[in-house]
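First listed ligand is number 1; within each ligand, the first listed atom is number 1. Side-chain atoms are counted along with the backbone in the values below, which use heavy atoms only and exclude waters and symmetry mates.
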Amino acid sequence: MAEIDLQEQVRTLREKLNRWSNEYYVLDNPTVEDHVYDQTYQELLDLEEKHPELKIPNSPTQRIGGTVLNGFTKVNHEIPMLSLGDVFSEAELMAFLDRLEENVGQTLDYSCELKIDGLAISLTYENGQFIKGSTRGNGIIGEDITENLKTIKAVPMQLTEPVTVEVRGECYMPKASFVALNEKREEQGQPIFANPRNAAAGSLRQLDTKITASRNLSTFIYYLMEPEKFGIKTQTEALEQLQKWGFKINPDSRKVTNRAEIETYIQEATQKRSSLPYDIDGIVLKAEPFTVQKQVGNTVKVPKWAIAYKFPPDEQET
Ligand SMILES: NC(=O)c1cnc(N)c2cc(Br)sc12
């Protein structure tokens with residue numbers, strides 16, 4: 001078969017596999033049976049083995065590079081990865097919002113989002129291709145964990161558009177994977193992880209990518225850096241765009257326009273917490289308009305346009 005036809009065939013196979021992977025791991029809505037995916041994957045693998053010149057780093061077949069790293073290189077976050085200010089009661093939350101609205105001289109819409117109990121990550125794409133991923137570290141200097149993040153199926157290797165962008169979010173281990181992992185570790189006489197967050201952190205910072213690949217990690221992406229570059233004006237619009245590009249966003253994010261809706265969101269999140277397939281430790285409220293976020297800015301450590309409302313500690317079984 002001519003080289004051009006081969007390239008076209010390989011490109012088509014990759015597009016199909018990327019689309020099916022997005023449906024399964026990001027949208028939780030697979031449209032093909034597993035065996036169809038596996039068959040297509042094997043077809044691409046055979047073609048790449050037979051024609052190595054057609055292999056590309058971001059092929060679906062290259063997620064598990066089998067690399068054993070000696071260590072993690074450092075990454076400088078040009079835009080610091082901030083944490084969040086915390087409040088521990090609805091009264092404190094409303095007082096924060098009152099001060100914020102007083103400061104900007106208007107009432108605000110907010111994006112309400114679940115606070116995922118995982119590990120903050122940053123993902124960088126060039127022309128739609130995943131090229132680098134890192135941990136938050138101290139907010140300024142993180143660790144390059146690109147090879148490990150490539151093994152996470154919810155991390156798209158290629159976006160649906162050839163954009164150059166940095167996004168940030170949380171890497172987490174589903175509760176069910178955490179229980180199964182600890183059962184296995186107990187059987188093997190290994191120390192167990194205290195909680196899914198520690199398990200995710202330990203799995204992401206593995207030097208052997210095969211171990212990371214075996215830990216069934218996932219992500220929720222919730223920050224689009226420099227949204228103005230894409231003409232995006234609010235946090236809700238940013239989440240919609242992130243999903244269109246192929247990122248997994250949390251389905252329980254909600255735009256609210258008044259305080260009563262915030263209270264409803266908190267009640268609903270509190271009630272559903274124990275039945276969610278992942279750990280959350282609160283909710284995050286963000287001023288919707290990016291103009292307001294820019295206007296109020298950040299302190300050295302935290303944004304002044306967002307706040308984390310932390311659930312009261314409980315003996316949440318995991
Ligand atoms: N939705 C969000 O913004 C969100 C969710 N979960 C988290 N652990 C964090 C942390 C920061 Br910082 S933001 C955020």
Report each N/O pair between ligand 1 and the protein that falls under 3.5 Å, naming both atoms.
residue	atom	partner	partner atom	Å
ligand 1	1 (N)	E113	OE1	2.7
ligand 1	3 (O)	E113	OE1	3.4
ligand 1	3 (O)	K286	NZ	2.7
ligand 1	6 (N)	I116	N	2.9
ligand 1	8 (N)	I116	O	2.8
ligand 1	8 (N)	E170	OE1	3.3
ligand 1	8 (N)	E170	OE2	3.4

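Under the 4.5 Å side-chain criterion, counting only non-hydrogen atoms from C-beta, L47 is not in contact with L54.
Side chains of E268 and T264: no donor on one and acceptor on the other come within 3.5 Å. Donor-acceptor pairing under 3.5 Å is recorded for the side chains of D46 and Q42. At a cut-off of 3.5 Å, with distance as the only test, a side-chain donor of Q235 or E113 sits close to an acceptor on the other residue. A side-chain donor from one of T31 and E23 sits under 3.5 Å from a side-chain acceptor of the other. At a cut-off of 3.5 Å, with distance as the only test, a side-chain donor of T61 or S59 sits close to an acceptor on the other residue.
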